[in-house]
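Okay, structure first, notes after.
Quick caveat, the model's predicted, so the values are computed rather than measured. What's counted below: heavy atoms across the whole structure, side chains too, no hydrogens, waters or symmetry copies.
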Amino acid sequence: FVLGDRSDALHVHIYAPEAVRIARVMRDQGVPRQEAARIVRSSDATRANYIKQYHNNANWRSPDRYNLMIDTGKIPPDVAVEIIARAAEAIG
């Protein structure tokens, strides 16, 4: 969003379904499912509120804002890195 008006920047949204993110929080932080769900939802709400407040009421999940969107629930993170690097090279 900070570089949203820059045509020479690659705008990438990396996301995963909520269930995948909850499972990752459970694994990485060693918390039960209910706590992991609270963490994920709180993070989403914080991000949404920040973007709306400081970036003209924008929706941070809108595909119109991005050149590339990658679902890491389906695309492994190491492959996502390769995709992003190739896309960055492509735009110069």
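- Residues Met26 and Ala36 share a closest heavy-atom pair of CG-CB, 3.4 Å.
- Side-chain contact between Val31 and Arg38: absent, with no pair of heavy atoms (C-beta onward) separated by less than 4.5 Å.
- When every heavy atom of Val12 is checked against every heavy atom of Ile84, the shortest pair comes out as CG1-CD1, 3.9 Å.
- Using a 4.5 Å heavy-atom cutoff, the side chains of Asp8 and Ile91 are not in contact.
- To the nearest 0.5 angstrom, Asp78 atom CG is 6.5 Å from Glu82 atom CD.
- Contact of the Ser43 side chain with the Val25 side chain is not registered, since no non-hydrogen atoms from C-beta on lie closer than 4.5 Å.
- Closest approach of Arg24 to Gly73, counting heavy atoms only: NH2-N, 4.1 Å.
- Side chain of Thr46 to backbone of Ser42: a donor-acceptor contact under 3.5 angstrom is found.
- Nearest heavy atom pair, residue Asp71 against residue Ala16, reads OD1-CA, 3.6 Å.
- A distance-only check finds a donor-acceptor pair linking the side chain of Thr72 to the backbone of Tyr15 [under 3.5 Å].
- In the hydrophobic cluster analysis, where Ile, Leu, Val, Met, Phe, Trp and Tyr join through side-chain heavy atoms closer than 4.5 angstrom, Val81 is grouped apart from Ile83.
- Within a 6.0 Å radius of CZ in Arg86, other residues, nucleotides and ligands contribute 12 heavy atoms or fewer.
- Summarising the local packing, CD of Gln29 is surrounded by more than 12 heavy atoms from other residues, nucleotides or ligands at distances under 6.0 Å.
- Remark: Ile75 CD1 to Met69 CE distance equals 13.0 Å, nearest 0.5 Å.
- Taking 4.5 Å as the limit, every side-chain heavy atom of Arg65 sits out of range of all side-chain heavy atoms of His11.
- In plain terms, the two heavy atoms of Ala87 and Leu10 that are nearest each other are CB-CD2, 3.8 Å.
- Val79 and Ile14 fall within a single hydrophobic cluster, where Ile, Leu, Val, Met, Phe, Trp and Tyr side chains are chained together by heavy-atom contacts under 4.5 Å.
- Considering only heavy atoms from C-beta on, Arg41 comes within 4.5 Å of Glu18 through its side chain.
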